[in-house]
Number of protein chains: 2
Amino acid sequence: MQPRPTDPQHQSTPEFGSDPSLPPHKGQPSASHGGPKGKQLEREQREAEWLRLALGILLEEGYLGLTMDRLAKATGYAKGTLYLHFKNKEDLICALLRDFQVKRMELFDRVADLDLPHRARLAAIGLAAELFPLAYPENARIEPVLKTQSLRDKASPERLRALEEIDLFCFSRVLQTVQAAVDAGELRMQAHETPEQLVMALWSMHVGLNVLRNTTAHLTDTCSTTDSPPHEVLFPIAQRLLDGYGWQPLSTEFDYAGLRQQLLREPLSAEAERAWQASGIRLL
Amino acid sequence: MQPRPTDPQHQSTPEFGSDPSLPPHKGQPSASHGGPKGKQLEREQREAEWLRLALGILLEEGYLGLTMDRLAKATGYAKGTLYLHFKNKEDLICALLRDFQVKRMELFDRVADLDLPHRARLAAIGLAAELFPLAYPENARIEPVLKTQSLRDKASPERLRALEEIDLFCFSRVLQTVQAAVDAGELRMQAHETPEQLVMALWSMHVGLNVLRNTTAHLTDTCSTTDSPPHEVLFPIAQRLLDGYGWQPLSTEFDYAGLRQQLLREPLSAEAERAWQASGIRLL
DNA sequence: TCAAAAAATGACGATCCGTCAATACCCGAA
DNA sequence: TTCGGGTATTGACGGATCGTCATTTTTTGA
C-alpha cells in the first residue's frame, strides 16, 4: 500500500456506501450471458450507482459539495466516463430530479383509481402528495434546490422533456378527477372558475409548503410549536377549501379524516412507515 | 483614449445602463458638503448601484451570467472593492433578495391597517401578495432561484437574519389578522386547527404558485389557456377556502370581488399600473 | 491472432471565486 | 506647499471546478 497522490482508500469520507473494491472496468460486462442486453444493463446500473452517490453527497454536503470529479472518483471511474452518461452537471441533477418525480407519480398511481367518490379520490391524491415529502424527506429537501439554478439553461432537452412529461402526467391525473366531479354535478364552478385553477392552487400549496419547509425553517417551526402535529397541515385545509366550493360530499357528510386513516393503513402503509422511520412522524 | 488591456468602453455588452463615463474613484466623495455623512452616502449609493446592475445581469443572463468580476468591472471598480461591500457572492444575492422582501413588506403595510372586517383585511393582504409578482415580475422570477442554492450556507449571518426578520414580520402581520378574527368570534377553528396552519397554507399557495410559474411554465400555461384571466387565481380560491372555514362575513354576504376592484383603484393603484406595464395584465 | 471499433482515461484549458500584498489617494500638520 | 501616516482601491494570484479531447486500454469480430 504505497502512498499515492489520490489513493481511493484515503478519501476524506467513506463516500456513502459505494463499494470501494468495485473494479473500474475490469469486471465482466454483466452476469447475463453476453449480448447487447448485458452492455445496456451494465450501463444502467452504473448510472443508477452514480445517481445514488450523487444523492448521498448532495444530502451530506449540499449542492456545492457535489462535484463531478468527486462523483467520478467515488465509483472508481474517470470523469470522462461520467460525462459519457451525463451531458453536464445540470443534466445529472435533472436525472436525479426525475427519480423523485417518478416515485411521486407511482404514489399517485396507487391511490388515483380507488373506488371512491371523486372528491375522496382527490383527497387521496392530496394525502399521497403530502405524504411524499415526509416519507422521502431527503428528496423533498433537495427538490427545491434542483428545480432552479439555471438547470433549464444547461440540461439536455431530452431530460428536461422527461421532467415535464411527468409533471404533466400528475397534473392531468388530478385534473381528470376534478373534471369528473364537475361532469357528475358534484362540484359546481362559477363562470370565472376553472378546474385548472383549482388544481393549480392545490398543487401550489404542496410545492410552496415544501419550499418553505426547506428554506425558511424559522417560519415553519412556528407552525409546529402548537399542539397539533405539524404534518397534518394540508389535508384538513384542503378539505376546508373543497367545502368552500361546496364539492359533494361535504366534509360534514363524509368522514375524510377517517378515509385518511384508512388510506394510511392500506395502500399507503409503506410510505406511512417510511415517514415514521425517516421523519419520526407517527401518522397512524 | 489610448488602448488599454481592459477598456471599459469595449465591454462585450453595454452593461445595463451603467454610466460608462463614471470615474472609478476620482469623483467628489459626494455632492453634499464633506463630513463622514458624505462618505457613508457614497458607500450606500455605490452598493445600490451594484445591486441594480446585479439584478440587470441576473435577469438578462441568469444566475450563471452573474460573476463578481463582471459586476465589479461594470461599475469601473475593482473586484476587491466589491468584496469590501459583500462578503461573497451569496451575500450579494442575499442583499438583492432583501430588497424584494422590503418591497413586499411595504405593500403589505399599505393594506394591513384598512378599516375593514378582519377577513376583508386578510383578503387585502392576499391581494397584495398576489399583485406583487405581477407588478415586479423580474423580482418574482429570480426569487425562487435566490432562495435556494446553498445561499444559507455561505451568506453572512447578518444578512440572513435580516431576511428572516422580514419573513417573520410579514407572517406575523397575517397571523395577527387571523387571530383577531378568532378572538372576535368571526372565525371558529376546530380543536386540531390553528391560525398558524391557515396562514402557512395561504403563504404556501403564493410561494408555490410563484415557483411553479417560474420553473414549470408548461403547466401554468395550461391555466392561462382558459377564458378566465390567468392572474385571478389565488384571490377567489382563497375566498373559497375562507368560506370553507365559515369565516364571517362569508363571500355571499360581503362583496370581496368588489373589494378587490376597489383596492386595486385606491391603495394599490401604483402596483396595478405596474402590473399592466410590466406583465401586460390589465387588472382594472 | 490481430486490427478496427468502442470505451475509458486524466491531463489540460478555461472560468470563476475570494484573498492580499502592493499601490493610489486623502488629509491634517508642519 | 510639503510631507507622512492612514485609508481606500487595485488586480494579479492561488485554489477549485467544469467540461474537453487526444491518448490509451479494452472489446469485438473476422
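Below, chains carry the letters A, B, ... as their sequence lines are ordered, and counting in each starts from 1. The structure displayed is predicted, hence computed values, not measured ones.
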Less than 4.0 angstrom from a charged side-chain N to a carboxylate O is my criterion; do B:Arg152 and B:Glu164 meet it?
yes
Counterpart residues, side-chain contact (heavy atoms from CB on, under 4.5 Å), relative to B:Arg98 (two or more places apart)
B:Val102, B:Ala162, B:Leu163, B:Ile166
Does [X] have a side-chain nitrogen or oxygen under 4.0 Å from the phosphate oxygens OP1 or OP2 of [N]?
X	N	value
A:Arg46	C:dA8	yes
B:Thr81	D:dT10	yes
B:Lys154	C:dG18	yes
B:Arg43	D:dT7	no

Can you check whether any acceptor in the base of D:dG19 is under 3.5 Å from a donor in the side chain of A:Lys79, or vice versa?
yes
Does B:His85 or A:Asp69 map to a spot on DNA chain D nearer the 5' end, using the closest nucleotide for each?
B:His85
Sugar-phosphate only, base, or nothing, as touched by [X] at under 4.0 Å among non-hydrogen atoms:
X	result
A:Leu66	sugar-phosphate
A:Leu92	nothing
A:Asn88	sugar-phosphate

Check whether any side-chain N or O of B:Lys89 sits under 3.5 Å from a backbone N or O of B:Leu66 as a donor-acceptor pair, and report yes or no.
yes
Sub-3.5 Å donor-acceptor pair from the side chain of B:Glu130 to the main-chain atoms of B:Val233, do we have one?
yes
